Structure formats: structure tokens, C-alpha cells
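Computed from a prediction, not measured in an experiment: that's the story for all the values here.
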Amino acid sequence: MLSELNTERKKSAMTPEELRQIRLRLGLSQMELAERLGVSISTVLSWEKGRRAISHVVALAIRCMVEHAGLVDSKLLRVANTKRRKGLK
């Protein structure tokens, strides 16, 4: 049961490819995204390479950036919204 709990914690709120595609749609470099999120560029690199899970807080911040940029109709945002509605944490 403990291993299931640890596996659940490690699940990302967003896949590395979703993050990369959203970043590109926003027209941001990895450095610019890092600055906007208040993290290091190595953290963004780790997320995009799948070495570090993307937290739900970060996914929410990115979702807000997408909405603010007017990309609400983007397929990527619909994916993020679907995960959120299903209660994936």
C-alpha cells in the first residue's frame, strides 16, 4: 500500500510533452518559463525530460498563463482541464 501511495505522489499533473508544447505555444524559452514560475532552468529541463514530476500547483500556474495568453481553445488546455475535472492530483 505504501508503494502505491508513493507511485501516486510521483504522477505528474501534466506530461513532459504537454509542458513543452504549451511553452512553445506561449512563445517562451525554457529560461523565460523558469523565470515566470520562479524556478531554475534546470527544473524546467527536468520537467521536460520527464526526470521530475510536474506538480499540480505548477500545472495550475501554467494553465493560468495559457488562459491569460488567450490560448483557451488550445487542445493542450483541454487536456489540462480534463485531468483537472477528473480529480487527478
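Closest non-hydrogen pair, A13 versus A59, comes out as CB-CB, 3.6 Å. Nearest heavy-atom pair across A53 and W47 is O-NE1, 3.4 Å.
Checked against side-chain hydrogen bond (donor to acceptor under 3.5 Å, both in side chains), E35 has no partners two or more places apart in sequence or in another chain. Applying the side-chain hydrogen bond (donor to acceptor under 3.5 Å, both in side chains) test to S42 and every residue at least two apart in sequence or in another chain returns S40. Residues passing the side-chain hydrogen bond (donor to acceptor under 3.5 Å, both in side chains) test with R52, sequence neighbours excluded: T43. In this structure, the side-chain contact (heavy atoms from CB on, under 4.5 Å) partners of L45, at least two apart in sequence or on a different chain, are Q30, I41. In this structure R20 satisfies the side-chain hydrogen bond (donor to acceptor under 3.5 Å, both in side chains) test with no other residue, sequence neighbours excluded.
Looking only at distances, a side-chain donor or acceptor of E18 sits under 3.5 Å from a matching main-chain atom of T15.
Here the straight-line distance linking atom CG of L26 with atom CD1 of I62 works out to 8.5 Å at 0.5 Å rounding. Taken from CG in L28 to CE in M65, the straight-line distance is 7.0 Å, to the nearest 0.5 Å. Here the straight-line distance linking atom CG of L37 with atom CD of E32 works out to 12.0 Å at 0.5 Å rounding.
V39 places none of its side-chain heavy atoms less than 4.5 Å from the side chain of L33.
Pairs engaging residues 36-50 under the salt bridge (charged side-chain N to carboxylate O under 4.0 Å, His left out) rule: R23-E48 [sequence neighbours left out].
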